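Because the structure is predicted, anything quoted here is derived from the model rather than measured.
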Amino acid sequence: MMHVHENFEIDWNVYVSQLGQFVRACVLPTSEEDLLSSASRVLAIIDGRMVSVRRLVEVAQLHQWNSSIYEAWSWEYGNRVRAYRSRLPALVYEALYTYANQSGDLHVTREDAYSAIGEARSALYGV
């Protein structure tokens with residue numbers, strides 16, 4: 001859900017409120033579910049519009065590169081998530097990374113991905 005006025009003014013009250021809820025969930029004892037829920041609602045300002053972290057993760061998940069090999073899919077997913085690092089404030093990126101990490105392994109390396117692709121190729125074709 002976008003929280004942008006027609007003239008593209010940012011609703012700072014909503015932005016700060018969602019970010020504050022995430023910080024509170026990080027600092028105060030909470031369940032993993034509450035932390036992920038608050039992280040998913042944090043708003044990112046991308047191209048003058050507010051977009052939820054949940055939506056950014058959904059877009060990152062849509063890639064189809066080697067989607068049948070988990071390590072390869074996770075590596076590309078992680079690349080897409082990390083691509084936001086330079087476009088977001090650190091705290092917003094932390095919320096994105098926190099929420100995104102529950103959907104895929106963001107620590108898969110290029111070597112892990114290509115090794116899994118090689119193993120799959122070998123298993124399928126004996127190469």
Which atoms form the tightest heavy-atom contact between Val81 and Ala60, and what is the distance?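 Heavy atoms only, the tightest pair is CG2-CB, 4.1 Å.
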
For a quick test of reading the model, state the closest non-hydrogen atom pair linking Ala39 to Val53 and the distance between them.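 Residues Ala39 and Val53, closest heavy atoms: O-CB, 3.3 Å.
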
Under 3.5 Å, is there a donor-acceptor pair between the Thr109 and Asp112 side chains?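 Yes, because at least one side-chain N or O of Thr109 sits under 3.5 Å from a partner of the opposite role on Asp112.
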
Tell me the ring-ring contact (aromatic ring centres under 6.0 Å, His included) pairs involving residues 17-36, sequence neighbours left out?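 Matches after skipping sequence neighbours: none remain.
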
Tell me every residue that passes side-chain hydrogen bond (donor to acceptor under 3.5 Å, both in side chains) with [X], counting only those two or more places apart in sequence or in another chain.
X: Glu71; answer: none
X: Asp47; answer: Arg87
X: Asn101; answer: none
X: Arg82; answer: Asn79

Residues in side-chain contact (heavy atoms from CB on, under 4.5 Å) with [X], at least two apart?
X: Tyr114; value: Trp65, Trp75, Arg110, Ile117
X: Ser17; value: Gln21
X: Val16; value: none

Could you state whether Val27 and Leu19 fall into the same hydrophobic cluster, counting links through intermediate Ile, Leu, Val, Met, Phe, Trp or Tyr residues with side-chain heavy atoms under 4.5 angstrom apart?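 Same cluster: Val27 reaches Leu19 through Ile, Leu, Val, Met, Phe, Trp or Tyr contacts under 4.5 Å.
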
Is a donor on one side and an acceptor on the other found under 3.5 Å between the side chain of Tyr70 and the backbone of Ala116?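 Absent.
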
What residues form a ring pair (Phe, Tyr, Trp, His ring centres under 6.0 Å) with Tyr15, not counting sequence neighbours?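 Tyr15 satisfies ring pair (Phe, Tyr, Trp, His ring centres under 6.0 Å) with Trp12 only.
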
Under the ring pair (Phe, Tyr, Trp, His ring centres under 6.0 Å) test, which residues partner Tyr77, sequence neighbours left out?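 Checked Tyr77 against ring pair (Phe, Tyr, Trp, His ring centres under 6.0 Å); matches are Trp73.
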
For residues 92-100, dump all side-chain donor-acceptor pairs below 3.5 Å to protein atoms at least two apart in sequence or in another chain.
| unit_1 | atom_1 | unit_2 | atom_2 | d |
| --- | --- | --- | --- | --- |
| Tyr93 | OH | Arg85 | NH2 | 3.4 |
| Thr98 | OG1 | Glu94 | O | 2.7 |

Give, for atom CG of Leu43 and atom CG of Leu56, the distance between the pair rounded to the nearest 0.5 Å.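 Atom-to-atom, Leu43:CG and Leu56:CG are 9.5 Å apart.
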
Anything under 3.5 Å between a donor and an acceptor, one on a side chain of residues 31-38, the other on a protein residue two or more places apart or in another chain? List them.
| unit_1 | atom_1 | unit_2 | atom_2 | d |
| --- | --- | --- | --- | --- |
| Ser31 | OG | Asp34 | N | 3.0 |
| Ser31 | OG | Asp34 | OD2 | 3.3 |
| Asp34 | OD2 | Thr30 | OG1 | 3.3 |
| Ser37 | OG | Arg41 | NH1 | 2.5 |
| Ser38 | OG | Asp34 | O | 3.3 |
| Ser38 | OG | Leu35 | O | 3.0 |

